[in-house]
Amino acid sequence: MGSLPPLSSDYPHSLSNPKSTTATHSSSSSCIDETTLLNLFKSQQSHLNFFFQHLDLSQTLSFTRTLLLQSAAGATVFFSGVGKSGFVAHKISQTLVSLGIRSGFLSPLDALHGDIGALSKSDVLVLFSKSGTTEELLRLVPCAKAKGAFLISVTSVDGNALAAVCDMNVYLPLERELCPFDLAPVTSTAIQMVFGDTVAIALMGAKNLTKEQYAANHPAGRIGKHLIFKVKDVMKKEDELPVCKEGDLIMEQLVELTSKGCGCLLVIDDDHHLIGTFTDGDLRRTLKASGEAIFKLTVGEMCNRNPRTIGPDAMAVDAMQKMEAPPSPVQFLPVINGQNQVIGIVTLHGLVSAGL
């Protein structure tokens with residue numbers, strides 16, 4: 001983490017003294033100064049550094065290898081927890097799912113009312129609890145053991161009851177909570193999240209997950225769209241194409257130029273080979289330069305015969321980059337096949353609308 005200014009010796013005076021806090025609150029409900037806020041961030045940084053410096057890597061490695069081996073054998077990695085630890089457990093489970101690892105969150109309460117049926121002998125159940133004395137988890141343990149699951153506790157207190165009854169325990173070193181009363185779980189949940197997400201990325205590397213495989217698990221997000229969508233998935237085609245012949249008069253093609261929403265005409269021959277493009281910008285420039293003579297000009301006389309093009313199997317994100325490339329950006333790209341025949345058009349507006 002980046003360095004912060006030295007911690008003030010009075011940190012955090014107004015927070016560590018309940019009477020001071022009460023007095024401050026009575027005088028102003030929004031009295032938070034920059035120094036107090038900075039000191040809080042510095043203290044949290046110090047608490048997190050304590051975790052990093054004292055984490056037992058051998059325990060963490062055993063935990064990570066267990067998840068890797070069991071998931072490779074077809075097991076589902078379940079996570080459970082109560083309260084804030086439960087939210088963290090659920091999030092870590094969802095991270096593993098996004099990496100293609102079979103995982104799920106098992107509510108300790110619902111598990112005792114039927115949901116434990118999802119647990120099988122080959123599965124792993126990871127139990128998050130700061131204290132290791134969470135009653136709901138302790139009640140769940142014998143039931144999970146009866147199903148034959150492998151149980152792992154993740155706790156922050158030495159010699160706790162949960163660790164004693166599980167098959168494996170990972171100790172997450174906790175100096176103290178950032179809360180002035182050392183009660184609100186704001187540092188313990190932070191280290192749980194850091195621990196779980198770091199293990200998830202270790203599993204991602206061990207499984208040699210490719211960018212394409214990761215994107216396949218995120219088809220609706222911007223990540224997936226960048227890595228999955230091809231030009232043929234977002235292009236306009238057939239009746240949507242603004243096409244004309246090179247011998248057509250410019251003024252007779254105004255409806256075609258404006259009605260298809262592409263801002264251009266694709267000039268083709270009888271076999272749909274691309275000859276060039278004519279844009280609304282070309283129309284304005286031709287009108288300014290030619291005046292009334294524009295009524296006699298054909299599209300072929302004024303079109304750009306060397307436009308940028310792209311193939312249907314190119315990535316959609318590459319089409320956007322090609323549009324934005326120097327010397328000047330364009331708003332569209334004709335899509336052509338191997339025989340230089342027009343089969344579609346991709347527009348910048350269409351790419352943005354698709355979420356790219």
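Residue numbers count from 1 along this sequence.
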* Using the six-membered ring wherever Trp is involved, compare the ring planes of F195 and F128 and label them parallel, tilted or perpendicular (cut-offs 30° and 60°). => perpendicular
* To do: Report the distance from atom CE of M204 to atom OG1 of T210, rounding to the nearest 0.5 Å.
  => 8.5 Å
* For the hydrophobic clusters of this structure (ILVMFWY residues joined by side-chain heavy atoms under 4.5 Å, transitively), does one cluster hold both L333 and I343? -> yes
* Single-linkage hydrophobic cluster V124~V88, side-chain heavy atoms < 4.5 angstrom -> yes
* Where do D270 and K245 land on the salt bridge (charged side-chain N to carboxylate O under 4.0 Å, His left out) test, with the steps shown first? -> CA-CA 8 Å; D270 291 337; K245 302 295 178 59; 3.0 Å; yes
* To do: Report yes if the side chains of L151 and M168 come closer than 4.5 Å at any heavy-atom pair, otherwise no.
  => no
* Spell out, as yes or no, whether a donor-acceptor pair under 3.5 Å connects the side chain of D271 to the backbone of H273. => no
* To do: Could you grab the distance from atom CG of L172 to atom OG of S156, nearest 0.5 Å is fine?
  => 4.5 Å
* Asked: After noting the C-alpha distance and the side-chain angles of Q70 and S122, does the key distance pass the side chain to side chain donor-acceptor pair (under 3.5 Å) rule?
  -> CA-CA 7 Å; Q70 294 296 101; S122 62; over 6 Å; no
* Under 3.5 Å side-chain donor-acceptor pair for D282 and T279 -> yes
* Hey, mind stepping through L348 and M320 against side-chain contact (heavy atoms from CB on, under 4.5 Å) and telling me if it holds? -> CA-CA 7 Å; L348 184 60; M320 178 174 285; 4.2 Å; yes
* Answer whether the closest heavy-atom distance between the side chains of D123 and F78 falls below 4.5 Å. => yes
* Asked: With hydrophobic residues grouped by side-chain heavy-atom distances under 4.5 Å, do I275 and L297 end up in a single group?
  -> yes
* Group every Ile, Leu, Val, Met, Phe, Trp and Tyr by side-chain heavy-atom contacts under 4.5 Å, then state whether M315 and F229 land in the same group. => no
* Would you find a donor on one side and an acceptor on the other, under 3.5 Å apart, between the side chain of E256 and the backbone of Q253? -> no
* Are T187 and Q44 linked by a side-chain donor-acceptor pair shorter than 3.5 Å? -> yes
* Asked: So, the side chain of K322 versus the backbone of T309: is there a donor-acceptor pair under 3.5 Å, distance only?
  -> yes
* Using modelled atom types only, decide if a donor and an acceptor are shared between the side chain of K236 and the backbone of K260 within a distance under 3.5 Å. => yes
* Drop me the distance from L283's CG to L287's CG, to the nearest 0.5 angstrom. => 6.5 Å
* Structure fact -> Taking every heavy atom of V157 against every heavy atom of N160, the minimum-distance pair comes out as O-ND2, 2.6 Å
* Asked: Any chance CZ of R308 has more than 12 other-residue heavy atoms, nucleotides or ligands included, within less than 6.0 Å?
  -> yes
* Can you establish whether the number of heavy atoms outside F50 located under 6.0 Å from its atom CZ is more than 12? => yes
* **Heavy-atom closest contact (N169 atom, V154 atom, distance)** => OD1-N, 4.2 Å
* Minimum heavy-atom separation for L125 to A144, with atom names? -> CD2-CB, 3.7 Å
* **Nearest-0.5 Å distance, CG of residue L174 to NZ of residue K130** => 5.5 Å
* Asked: Considering residues, nucleotides and ligands other than E301, do more than 12 of their heavy atoms fall under 6.0 Å from its CD?
  -> yes
* Check whether any side-chain N or O of Q59 sits under 3.5 Å from a backbone N or O of Y171 as a donor-acceptor pair, and report yes or no. => yes
* Asked: Judged by modelled atom types alone, do T36 and N39 share a side-chain donor-acceptor pair under 3.5 Å?
  -> no
* To do: Give the minimum heavy-atom separation between D167 and A149, together with the two atoms involved.
  => OD2-O, 3.9 Å
* Starting at CZ of F63, measure out to CG of L68 and round the result to the nearest 0.5 Å. => 12.0 Å
* Please confirm whether F51 and H47 have ring centers closer than 6.0 angstrom. => no
* Asked: Between the side chain of N340 and the main-chain N/O of L274, is any donor-acceptor distance below 3.5 Å?
  -> yes
* Asked: Given the rule that I, L, V, M, F, W and Y join up when any side-chain heavy atoms are under 4.5 Å apart, are L265 and I268 in one cluster?
  -> no
* Structure fact -> NE2 (H272) and CD (Q339) are apart, to the nearest 0.5 Å, by 14.0 Å
* To do: Please tell me if the side chains of F278 and I250 come closer than 4.5 Å, counting only heavy atoms from C-beta onward.
  => yes
* Can S46 and E175 be said to form a side-chain contact (heavy atoms from CB on, under 4.5 Å), step by step? -> CA-CA 9 Å; S46 176; E175 185 176 32; 4.1 Å; yes
* To do: Indicate yes or no: does D197 engage K91 in a salt bridge with an N to O separation below 4.0 Å.
  => yes
* Is it true that a side-chain atom of S71 and a backbone atom of I101 form a donor plus acceptor pair closer than 3.5 Å? -> no
* Asked: For S188 and E177, does a side-chain donor sit closer than 3.5 Å to a side-chain acceptor?
  -> yes
* Asked: Hey, does R139 have a side-chain heavy atom less than 4.5 Å from the side chain of L112?
  -> yes
* Taking the side chain from E246 and the backbone from T298, do they hold a donor-acceptor pair closer than 3.5 Å? -> no
* Apply side-chain contact (heavy atoms from CB on, under 4.5 Å) to the pair L266 and C244, showing each step before the final yes or no. => CA-CA 6 Å; L266 303 180; C244 70; over 6 Å; no
* Is there side-chain contact between T198 and V194, with at least one heavy-atom pair below 4.5 Å? -> yes
* Among side-chain atoms of T155 and S153, is any donor-acceptor pair under 3.5 angstrom? -> no
* Got a donor-acceptor contact below 3.5 angstrom from the T134 side chain to the L137 backbone? -> no
* Indicate yes or no: at least one non-hydrogen side-chain atom of C264 is less than 4.5 angstrom from one of I345. => yes
* **Heavy-atom pair with the smallest gap, counting every atom of V186 and C179** => CG2-N, 3.9 Å
* Shortest non-hydrogen contact from L99 to A200? -> CD1-O, 3.3 Å
* **Side chain proximity check, Q331 to T347, heavy atoms < 4.5 angstrom** => no
* **Validation row: L203, L67 side chains within 4.5 angstrom (heavy atoms)** => yes
* Kindly say whether A89 contributes a backbone atom to a donor-acceptor pair with the side chain of S93 at under 3.5 angstrom? => no
* **Verdict with supporting geometry, V346 and I310, side-chain contact (heavy atoms from CB on, under 4.5 Å)** => CA-CA 9 Å; V346 59; I310 198 163; 4.2 Å; yes
* More than 12 non-hydrogen atoms from neighbouring residues, nucleotides or ligands closer than 6.0 Å to NE2 on H349, yes or no? -> no
